[in-house]
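Chain A is the first sequence line, chain B the second, and so forth, proteins listed ahead of strands; every chain is numbered from 1.
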Amino acid sequence: RVAVAANAQFVLKKLAADFQKKTGIAVEVISGASGKLAVQIKNGAPYDIFLSADTEFPQNLYTEGFTLSKPQIYAMGSLIVCSSTGADVKNWKSRITGKDAGKVAIANPKTAPYGKAAEEALNYYKIYQPVSQKLVVAESISQVNTYVLQRVVGLGFTTQSLVYELPASQRFSWQKVDPKSYSPIEQGAVLLKYAKNKNYVNNKKFYDYLFSAAANAIFRQFGYTTA
Amino acid sequence: MEWTPIWLSLKLAAITTMILMLIGIPLAYWLSRRSSWLKVVIEAILTMPLVLPPSVLGFYLLLSFSPNSFFGRWLLEYFNLSLVFSFEGLVVASVIYSLPFMVSPVKSALAHLPASLAEASYTMGKSKLHTFYRVQLPNIKSSLWTAIVLTFAHTLGEFGVVLMIGGRLEGSTKVASIAIYDAVDNNQYHEANMYSLILFAITFVIVILVFVFNKNAMRGPLE
Amino acid sequence: MEWTPIWLSLKLAAITTMILMLIGIPLAYWLSRRSSWLKVVIEAILTMPLVLPPSVLGFYLLLSFSPNSFFGRWLLEYFNLSLVFSFEGLVVASVIYSLPFMVSPVKSALAHLPASLAEASYTMGKSKLHTFYRVQLPNIKSSLWTAIVLTFAHTLGEFGVVLMIGGRLEGSTKVASIAIYDAVDNNQYHEANMYSLILFAITFVIVILVFVFNKNAMRGPLE
Amino acid sequence: MISINIQKNIKTYKGRYRLTVADSFPAGSVTKVYGPSGIGKTTFLRIIAGLSTPEQGKIVVHGQTWLDTAAGINMSPQERKAGFVFQDYALFPNMTVREHLQYASTDELLISRLLTMGRMESFDSHKPQHLSGGQQQRLAILRALAQRPKLLLMDEAFSALDDELREDLITDLKIILKEFETTTIIVSHHAQETLGFADRSLKID
Amino acid sequence: MISINIQKNIKTYKGRYRLTVADSFPAGSVTKVYGPSGIGKTTFLRIIAGLSTPEQGKIVVHGQTWLDTAAGINMSPQERKAGFVFQDYALFPNMTVREHLQYASTDELLISRLLTMGRMESFDSHKPQHLSGGQQQRLAILRALAQRPKLLLMDEAFSALDDELREDLITDLKIILKEFETTTIIVSHHAQETLGFADRSLKID
Ligand SMILES: Nc1ncnc2c1ncn2[C@@H]1O[C@H](COP(=O)(O)OP(=O)(O)OP(=O)(O)O)[C@@H](O)[C@H]1O
Ligand SMILES: Nc1ncnc2c1ncn2[C@@H]1O[C@H](COP(=O)(O)OP(=O)(O)OP(=O)(O)O)[C@@H](O)[C@H]1O
Ligand SMILES: [Mg+2]
Ligand SMILES: [Mg+2]
């Protein structure tokens with residue numbers, strides 16, 4: 001069983017499918033907010049592997065002795081600005097401060113790495129002040145996606161992987177945010193103590209697969225960068 | 001720890017409860033009168049919002065309130081009112097969500113009341129409205145308070161809907177339940193505990209006061 | 001779209017409602033007797049779980065049920081029972097969370113019932129228990145059904161608590177509300193709509209049946 | 001002058017049965033209505049008050065048509081404002097004795113007078129559940145009087161009162177009913193009960 | 001033989017008052033209890049049935065001590081099993097006429113006999129709210145009889161019945177009470193009401 005941060009669940013399902021094709025081993029994917037998953041793991045959740053949206057939670061689990069290995073970075077996310085109102089987001093920096101931008105959705109900077117990155121980017125371009133009045137803070141990256149896709153907001157900051165999850169028919173415009181404007185969104189994974197109980201070999205196999213060239217290719221396909 | 005979210009939560013719960021008293025109690029009265037198929041269906045529909053997970057209900061409300069929807073645009077154009085990302089939106093959503101907690105207990109209690117009480121009042125020339133507020137309602141006081149307490153508490157704890165259509169705006173939609181949730185998510189357990197304790201304490205006092213008041217109201221002069 | 005989560009949800013709601021009938025109704029009876037300070041406080045405490053956002057309540061329950069806690073370890077050692085990430089845990093959490101919806105309406109209705117009904121039964125040699133089930137409870141049928149419907153619907157829609165202490169284990173803790181939530185989160189709106197519609201339809205039918213049954217039960221032979 | 005002519009189908013222990021009453025009641029008179037239990041006496045009073053509707057009927061009170069099924073006229077109980085002493089009293093559990101009377105009337109002088117007349121002064125702050133059967137019945141009578149009804153309908157209104165109390169009450173009642181120019185219809189089982197009160201009688205069977 | 005000696009403080013219209021009753025009731029006798037309204041007659045019956053507790057008192061029924069405040073004995077209403085006809089009937093709204101009797105007794109023969117005796121056969125599937133006042137009162141009497149009580153307490157149990165019906169009922173009652181060896185205490189305001197029924201009387205004041 002793999003517990004995965006909500007933003008990476010789509011790619012993980014692809015990885016699981018690929019892994020099963022190669023080895024015949026089935027993987028059960030459980031998604032949720034990283035923080036909640038971490039609390040659950042500390043309280044006995046039956047998960048074998050944990051893929052967080054950041055590095056802090058895995059590190060914390062490691063120091064408190066809930067893991068079999070040190071956290072490892074499996075991918076780095078990229079932040080994008082997007083809209084489905086048909087607006088042109090190529091020059092989003094000027095647009096976002098304008099009148100007709102509508103509300104702007106970011107994930108909660110306190111809990112979601114993509115939210116933190118978005119905040120950093122806005123500060124980097126010195127437009128946080130003017131934008132703050134329009135900011136709508138969503139619970140998670142998924143909720144940002146909902147707001148954007150349902151056009152309740154004009155613009156949203158989310159993960160690049162969203163782009164590859166959408167049906168082709170969806171009206172959607174997006175633009176990468178320059179990675180130098182925010183600190184890298186490193187996503188860490190750990191092998192949990194629970195993995196020892198059952199099928200340790202298979203668990204370990206999948207954990208190792210996550211860092212294989214084949215997996216890296218799939219990660220890149222969905223807009224992540226890998227080491 | 002800030003006080004704004006708590007204050008906001010209490011305001012939301014109080015306003016919602018008040019609105020629900022205004023619309024829920026007459027609705028309960030109407031539903032308690034001779035029942036028809038229509039009323040049974042309406043009653044079932046009122047219960048429906050409960051069945052959905054709050055955040056999903058919030059999602060559907062988001063769709064219907066958003067300026068892209070017909071209803072949302074109409075509100076915006078004619079009333080300059082936006083129900084997404086605003087306190088007003090939270091109130092409307094909470095009203096929908098908590099409606100059955102106000103209506104059902106009151107309706108059931110009215111159904112148990114002997115018909116002759118109202119009849120006696122009618123022969124004294126009192127209107128149905130007057131009779132309802134002076135005779136029927138006071139005689140189901142205990143159920144009425146139950147409804148009010150459940151509604152109030154439920155609105156305070158309401159979270160999923162609020163999170164979806166509120167957008168965490170400081171001072172207008174970031175209510176206490178969201179602050180607690182964020183604190184837990186942030187590993188700020190101490191802060192979460194503080195918020196929880198304060199909410200508990202305030203509600204506990206309110207509920208105790210209601211029960212004590214209610215108890216005295218039901219007690220006769222000789223006991 | 002799978003049927004397992006829906007089936008699981010219905011099972012959870014049905015079991016919770018049944019347990020709450022078993023413990024909530026006697027509790028309501030006890031609370032409706034001559035009230036004391038102790039009872040007022042207990043009643044207020046029962047209302048408290050409502051005040052917290054469900055996911056936070058879930059968080060606290062997780063901490064107290066977890067094998068790291070005294071209570072959790074005790075359960076595990078002596079009963080080999082784990083209340084975290086198990087269906088049993090969901091049941092216990094739902095029971096705590098929905099308790100006031102069962103207890104409060106029944107308690108209020110009992111308080112409104114004339115004392116002479118029970119007295120008449122006592123003089124006929126019937127025990128308090130017999131009197132309660134044969135005389136008092138049948139005469140507050142409408143409120144009892146209200147309590148059952150609210151409890152059932154509320155448990156179906158229950159999400160935050162369940163998510164926190166259940167995780168999303170296929171076939172044991174991934175109930176329909178979580179499936180819907182996931183679907184919305186994953187932008188699978190069609191699937192979310194399907195789940196919602198099915199939950200609606202099932203509950204709608206149940207609620208309508210209850211109301212129709214209840215309506216007939218309250219109707220006399222000549223009307 | 002009140003004229004009543006009604007027909008309603010009811011079920012009695014003899015099977016389905018058509019309750020038929022046709023009579024005129026002179027203004028200010030007190031009419032005793034009697035007949036076997038379950039024959040429809042309470043139903044008759046309820047029809048007059050507007051709480052029940054007969055299949056056919058006409059009720060004219062002091063020239064005003066309260067009910068005419070043929071013409072489709074059916075005044076509401078609120079418009080008829082008949083004073084009604086219910087057989088089961090129908091007191092309001094939430095109100096004290098005084099509040100019952102205040103609900104019917106704002107005339108504090110009248111209220112005091114009625115409380116004295118019913119010997120209920122010392123119970124004026126009691127709720128019905130703390131009153132004895134006879135006290136409850138007296139309160140039901142006083143409440144009906146407090147609204148100064150043109151027509152007073154009493155259903156077994158003396159059944160819980162002892163002889164002495166009843167006789168005293170009747171003496172006072174006659175004075176007050178005269179003063180209010182009230183026409184009274186009283187259902188009673190016992191010949192003795194309405195002695196010195198009723199001046200006419202009507203048998204239903 | 002039943003001996004009762006009780007004292008309880010109650011409030012009447014004369015102010016606080018100490019209700020005192022001391023009397024012995026021969027087995028199988030029918031005692032009429034009377035006195036002004038609000039004096040404590042209902043309270044007296046409730047004390048005998050165990051629904052109310054006096055400040056001081058002793059009740060011995062056929063050699064069995066039901067109450068002895070000095071010795072701290074106080075049997076529950078369930079153990080006393082006195083048949084009680086409540087002044088306000090206390091019928092069960094959820095039960096039909098027949099179900100009321102079935103609740104008190106499993107003897108279907110007795111139930112049929114009682115239904116006939118109370119002329120209630122044709123109402124056996126009616127609920128109380130669809131019965132007339134007199135029918136409700138008869139049901140209350142029948143229900144109390146159905147439990148074959150050793151002691152029957154009747155609070156104004158004939159007040160809603162017409163003379164003819166009451167006389168017929170009394171004839172039947174006397175037979176059945178003799179058969180059950182029941183001792184009866186009946187509260188009544190009207191001398192006439194218990195004529196030919198009560199063989200003793202007790203005034204409370
Ligand atoms: N539940 C109660 N609480 C307080 N006082 C009560 C209660 N019931 C009766 N009383 C008071 O106790 C006194 C005696 O009441 P009780 O019902 O025994 O009178 P009673 O002799 O049966 O009168 P009646 O002939 O009118 O029925 C009354 O004055 C009444 O006000
Ligand atoms: N709510 C009701 N629904 C159906 N039937 C009723 C209802 N109330 C009374 N009845 C029936 O109608 C008949 C007439 O009832 P009503 O109460 O008018 O009798 P009554 O003459 O007042 O009798 P009593 O002297 O016993 O009070 C009764 O036989 C009764 O069974
Ligand atoms: Mg009658
Ligand atoms: Mg009495």
Side-chain angles (χ1 to χ4, degrees), chain D residues 10-17 34-43 45-46 86-89 91 115-116 118-124 126 128-138 155-166 168-169 187-193 203-205, chain E residues 10-17 34-43 45-46 86-89 91 115-116 118-124 126 128-138 155-166 168-169 187-193 203-205:
Chain D
I10 58 173
K11 191 189 165 183
T12 70
Y13 78 106
K14 297 177 201 149
R16 296 247 155 227
Y17 155 92
Y34 63 107
S37 171
I39 200 71
K41 301 182 294 299
T42 299
T43 308
L45 296 190
R46 287 177 61 85
F86 288 80
Q87 195 166 5
D88 65 353
Y89 315 148
L91 300 176
L115 285 175
T116 313
R119 301 207 193 146
M120 297 288 288
E121 312 96 313
S122 41
F123 300 101
D124 71 340
H126 284 218
Q129 58 174 133
H130 302 114
L131 295 176
S132 79
Q135 289 158 356
Q136 289 181 22
Q137 192 166 53
R138 279 174 277 158
D155 200 353
E156 309 272 2
F158 301 140
S159 66
L161 306 181
D162 59 285
D163 297 344
E164 193 196 333
L165 189 63
R166 193 186 62 242
D168 288 356
L169 191 63
V187 168
S188 171
H189 286 307
H190 298 285
Q192 202 197 348
E193 221 173 52
K203 185 166 184 354
I204 299 185
D205 60 358
Chain E
I10 58 174
K11 191 188 167 183
T12 69
Y13 78 106
K14 297 177 202 149
R16 295 248 156 226
Y17 156 92
Y34 64 106
S37 172
I39 200 71
K41 301 182 295 300
T42 300
T43 307
L45 296 189
R46 287 176 60 86
F86 287 80
Q87 194 167 6
D88 66 352
Y89 315 149
L91 299 175
L115 286 174
T116 313
R119 300 205 193 147
M120 296 289 289
E121 312 95 313
S122 42
F123 299 102
D124 70 342
H126 284 217
Q129 61 174 130
H130 302 114
L131 295 176
S132 79
Q135 289 159 355
Q136 289 181 22
Q137 192 166 52
R138 278 174 280 158
D155 200 354
E156 309 272 2
F158 301 139
S159 66
L161 306 180
D162 59 285
D163 297 346
E164 193 195 334
L165 188 63
R166 192 186 64 242
D168 289 356
L169 190 63
V187 168
S188 171
H189 285 307
H190 298 287
Q192 203 197 346
E193 221 173 53
K203 185 164 188 338
I204 300 186
D205 60 357

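The residue among E:Ala160, E:Gly134, E:Gly35 with the most heavy atom pairs within less than 4.5 Å of chain D is E:Ala160.
Looking at E:Glu156, only its side chain comes within 4.5 Å of chain D, counting heavy atoms on both sides. Contact annotation for E:Ser159: both backbone and side-chain heavy atoms come within less than 4.5 Å of a heavy atom of chain D. Residue contact with chain E, scored on non-hydrogen atoms closer than 4.5 Å, involves the side chain of D:Gln192 exclusively.
A donor atom on one side chain and an acceptor atom on the other are not found under 3.5 Å apart for E:Ser37 and D:Arg119.
Looking at residues two or more places apart in sequence or on another chain, you find a side chain to side chain donor-acceptor pair (under 3.5 Å) between E:Thr42 and E:Gln87, E:Asp155. D:Ser188 meets the side chain to side chain donor-acceptor pair (under 3.5 Å) test with D:Glu193; sequence neighbours excluded.
Rounding to the nearest 0.5 Å gives a distance of 7.0 Å between CG of D:Asp88 and CD of E:Gln136.
D:His190 approaches E:Asp163 most closely through the heavy-atom pair ND1-OD1, 3.5 Å.
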